[in-house]
Protein chains: 2
Amino acid sequence: APQYPQYTREEVGRHRSPAERVWVTHGTEVFDVTDFVELHPGGADKLLLAAGGALEPFWALYAVHNQPHVLELLREYKVGELSPAEAPPPPAATQDPFAGDPPRHPGLRVNSQKPFNAEPPAELLTESFLTPNELFFTRNHLPVPAVEPGSYRLRVEGPGGRGLSLSLSELRSRFPKHEVTATLQCAGNRRTEMSLVRPVKGLAWDIGAIGTARWGGARLRDVLLHAGFEERREGEWHVCFEGLDVDAGGAPYGASIPYGRAVSPLADVLLAYEMNGQELPRDHGFPLRVVVPGVVGARSVKWLRRVAVSPTESPSHWQQNDYKGFSPCVDWDTVDYRTAPAIQELPVQSAITHPRPGAAVPADELTVKGYAWSGGGREVVRVDVSLDGGRTWQVARLTGERPVPGRAWAWALWELQVPVPAGAAELEIVCKAVDGSYNVQPDTVAPIWNLRGVLSNAWHRVRVTVSR
Amino acid sequence: APQYPQYTREEVGRHRSPAERVWVTHGTEVFDVTDFVELHPGGADKLLLAAGGALEPFWALYAVHNQPHVLELLREYKVGELSPAEAPPPPAATQDPFAGDPPRHPGLRVNSQKPFNAEPPAELLTESFLTPNELFFTRNHLPVPAVEPGSYRLRVEGPGGRGLSLSLSELRSRFPKHEVTATLQCAGNRRTEMSLVRPVKGLAWDIGAIGTARWGGARLRDVLLHAGFEERREGEWHVCFEGLDVDAGGAPYGASIPYGRAVSPLADVLLAYEMNGQELPRDHGFPLRVVVPGVVGARSVKWLRRVAVSPTESPSHWQQNDYKGFSPCVDWDTVDYRTAPAIQELPVQSAITHPRPGAAVPADELTVKGYAWSGGGREVVRVDVSLDGGRTWQVARLTGERPVPGRAWAWALWELQVPVPAGAAELEIVCKAVDGSYNVQPDTVAPIWNLRGVLSNAWHRVRVTVSR
């Protein structure tokens, strides 16, 4: 066998275009596929999304690659091996608190490197019902903690329960494993559209701060009942979560949800240790995170260290002074965070993933694709699509499993094949979804504008040109 | 004591304007208040709302009348007594199936006499948090049944339970009385605005097909558990309701709700025999009706005769082929009722009750008033008001009790005192509400237009002129 040179992932990551050569990895092997780009049956564009990184998450989306001849063909382009130093966990943190962050897939669109915040390219979002872990949007508020699973403990406490300290193996063995397919969405998803109205404070998320995974873990309900807490409590109680991710002053990320949701057998709140059948990735909360289906991602605390029942909401900055919605008339001089409730359930949402803004579409027939989702387990019952800016509408076809009404935690994907109106030179494609409570999306962004740029769920509009 | 002539309610009802004289009743007394109309401290307009009918529901709204001198003053205008024949129940039905319908308050705006469908004047809606029974919107699909309370029985049945037949006294004595303040809204509320886009089929409701009452009765949950049904059922089950109101072919009004809602201790579904502390009025379901908080009024079946647990939704026309929402692109040639879910929870809603469209408002300061509500127990967290058609907004003040989050069954009333922009000759006043899941109302009506004119919850717009 030939001896190949060894490369680091960072070196591979420098080869992301034909000009700098296109490199990819598969397993521990490195390939220069520059000469194959134009031959790729799925299109050069799709292959270039993987440039500089691993093929596996893309091949997970496109099952056609799972054939022996594909790997054979790939081997013709082999140019190296990944350095063995790439396999073990990253080195301990140095001066830079983010130095211990894990490696990421180079296909992600990075909104912020430190802390790491990134989303997948929009057109990949709807290629599969479950979002591959490597492409799932990452929303970190702080450096990723390095957790030694053997010594990890989860504390559970609060008035009315006995304190617990649970190891990972206790969490796995004492409580039945429960699996839930749930979509998580960041409150700031689609913030870029809100910024076009007036500037807002926040990361510039496009439409990809949303993803769907099959989560596996212990039910929070089971753990709380095991700790002696009651099924129902009079008055308003909350369950507070703290992460192992801490700021420079030692304060952890934190959030809370209402007690009733935490203990409800119908709310499916998880303490998850698995994501799509794999161990939870470091960026998504290894070794344990909360998953609160139907609720803004900010409450699904990662790297969970503490669960506390409390008569008040989490005192965390992110519960008290962030992740709230305000009127468009409220600015940074007048905002009073006490006047708005913490976001829990999110409103109905949808977006177009194909075609992309500015694309040239065929003159005969067009396929429009996208996602739709609503908070609180409210199923998506309809998606309307317009090619003329919202004057006329057609009903899209929903794909994927039919959800349990009231427990529709996962998004609906949808598509519509539609003739392009004769003579049209441009189209303004619009989508809007309807949920099980018949809530709809607002027509325009300006009236829901808010200073933090959250809750951006107006109709999604994509302008394209028609090829002639 | 002088002998007064006797009049029927119908005769009193003919006197509704100064031209035909203005008569009102209080208790069994009849008064001609024509000469007092212009002297009325609350304004001639307000007094004329009561013309031809009883004063009590209006006095219930305006507590200032509860003083001895008011009644003394009224006595000066006495012209007669109500005929003693007015007291007993109406005569048995003749050929006209609606001949047995009860008398109604003449202040109601009648959309249909047979079956009777009527709403209160919009400006009265927000005068009190609880809507007086006589002014509560009435939505009848069929003639009002005449029920003899002594022989009335409620049947409860279905697989998994033992059949019950309950008398009214058993319902009152065997089950704890539970009281819930809940808003009921017709799916067709605000249909007139939708009709302006394109014609729709349905009664021409303005903004008054909504009202709030304190309901008292047995919990449906308690009755179902007493009949042996379980707290939870695997799979999709439903609880079907049938009324004593039947069509010419003998088919009853019917509807159903999901089993989970029916048995949930948090959903507060009632079998109500009281409305605002009084026996249920005939138009509102005497002697027993369902009240499903947070859900479209159509499921709160009146004159209840049967509760049946079933693996399928109610087969009733009103569950299967009405009370569903469709895309604006669906017309009567293409509609397929199987493709849309039956409306249960309603979307977030709000409307302006003061000022009224076309009013002349003062040039200095304006008070805007209205109601806001959302389905599913989602509390109203904010109402934004605009005076310029939606370009700029201000936050209204919510009045009334703070609800329990997630069980906010009653509306919020709101008001905003606001300076009138200098130089404005006309204003387009707009309101929009936000609920606890941060759902909002859509900007415009056309994109939510549907052939039945239901779910009309776009921003409410009222144009007024400014007095100079």
Side-chain angles (χ1 to χ4, degrees), chain A residues 187 232 235-236 258 260-261 264-266 294-296 324-330 339-341 343-348 374-376 378-379 381-384 386 390-395 404-407 430 432 434-444 446-448 454-455 457-459, chain B residues 187 232 235-236 258 260-261 264-266 294-296 324-330 339-341 343-348 374-376 378-379 381-384 386 390-395 404-407 430 432 434-444 446-448 454-455 457-459:
Chain A
R232 269 168 230 151
E236 278 181 50
R261 183 179 295 277
S264 167
L266 302 175
V295 161
V296 63
K324 295 185 171 190
F326 292 96
S327 172
C329 64
V330 172
T339 62
I343 301 171
Q344 296 281 349
E345 295 182 358
L346 285 171
V348 60
S374 189
R378 290 179 283 281
E379 65 273 28
V381 303
R382 201 181 76 235
V383 174
D384 293 332
S386 172
R391 280 182 295 284
T392 62
W393 299 92
Q394 296 178 65
V395 178
V404 179
R407 291 168 82 187
V430 186
K432 63 179 173 81
V434 182
D435 76 12
S437 299
Y438 281 102
N439 273 300
V440 298
Q441 298 176 245
D443 311 20
T444 60
I448 59 166
V454 292
L455 303 160
N457 76 325
W459 299 355
Chain B
R232 269 168 231 150
E236 279 181 52
R261 182 178 296 277
S264 167
L266 301 174
V295 161
V296 63
K324 295 186 170 189
F326 291 96
S327 173
C329 63
V330 171
T339 61
I343 300 170
Q344 296 282 348
E345 294 182 0
L346 285 170
V348 60
S374 190
R378 291 180 282 280
E379 65 275 26
V381 303
R382 200 180 78 234
V383 174
D384 293 332
S386 171
R391 279 182 294 283
T392 64
W393 299 92
Q394 298 178 64
V395 178
V404 180
R407 289 167 83 188
V430 186
K432 64 179 173 80
V434 182
D435 76 14
S437 300
Y438 281 102
N439 273 300
V440 298
Q441 300 177 241
D443 312 19
T444 60
I448 58 166
V454 292
L455 303 160
N457 76 326
W459 299 355

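Convention: sequence-line order gives letters A, B, ...; per-chain numbering from 1.
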For this session: May I ask you to name which of A/Pro265, A/Gly260, A/Gly294, A/Ala340 has the most heavy-atom pairs under 4.5 Å with chain B?
Result: A/Pro265
Exercise. For chain B, which of A/Val295, A/Leu346, A/Ile343, A/Val296 has the most heavy-atom pairs under 4.5 Å?
Worked result: A/Ile343
For this session: Supply the atom-to-atom distance A/Asp384 CG to B/Ile448 CD1, rounded to the nearest 0.5 angstrom.
Result: 11.5 Å
Exercise. Does any heavy atom of chain A fall under 4.5 Å from the side chain of B/Arg232, the backbone, both, or neither of them?
Worked result: side chain
Exercise. Do the side chain of B/Tyr438 and the main chain of A/Leu455 share a donor and acceptor less than 3.5 angstrom apart?
Worked result: no
Exercise. What part of B/Pro258 is in contact with chain A, defined as an atom under 4.5 angstrom from a non-hydrogen atom: side chain, backbone, both or neither?
Worked result: neither
Exercise. In terms of heavy-atom proximity below 4.5 Å to chain B, should A/Thr392 be classed as side chain, backbone, both, or neither?
Worked result: neither
Problem set entry | Residue selection (most heavy-atom pairs with chain A, distance under 4.5 Å) from B/Pro405, B/Ser374, B/Ala446, B/Gly390 | B/Pro405
For this session: Just give me the residue among B/Val395, B/Thr444, B/Val454 that pairs up with chain A most often, heavy atom to heavy atom, under 4.5 Å.
Result: B/Thr444
Exercise. What part of A/Gln441 gets closer than 4.5 Å to chain B, counting heavy atoms only: side chain, backbone, both or neither?
Worked result: backbone
For this session: With a 4.5 Å cut-off on heavy-atom pairs, point out which of B/Gly436, B/Ser386, B/Ser327 contacts chain A the most.
Result: B/Ser327
Exercise. Do A/Arg378 and B/Asn439 come within less than 4.5 Å of each other through their side chains, counting heavy atoms only?
Worked result: yes
Seminar exercise, completed: Given B/Gly375, B/Pro447, B/Pro442, the one with more heavy-atom pairs under 4.5 angstrom with chain A than any other is B/Pro447
For this session: Considering only heavy atoms and a distance below 4.5 Å, find which of B/Arg391, B/Gln394, B/Lys432 pairs most often with chain A.
Result: B/Lys432
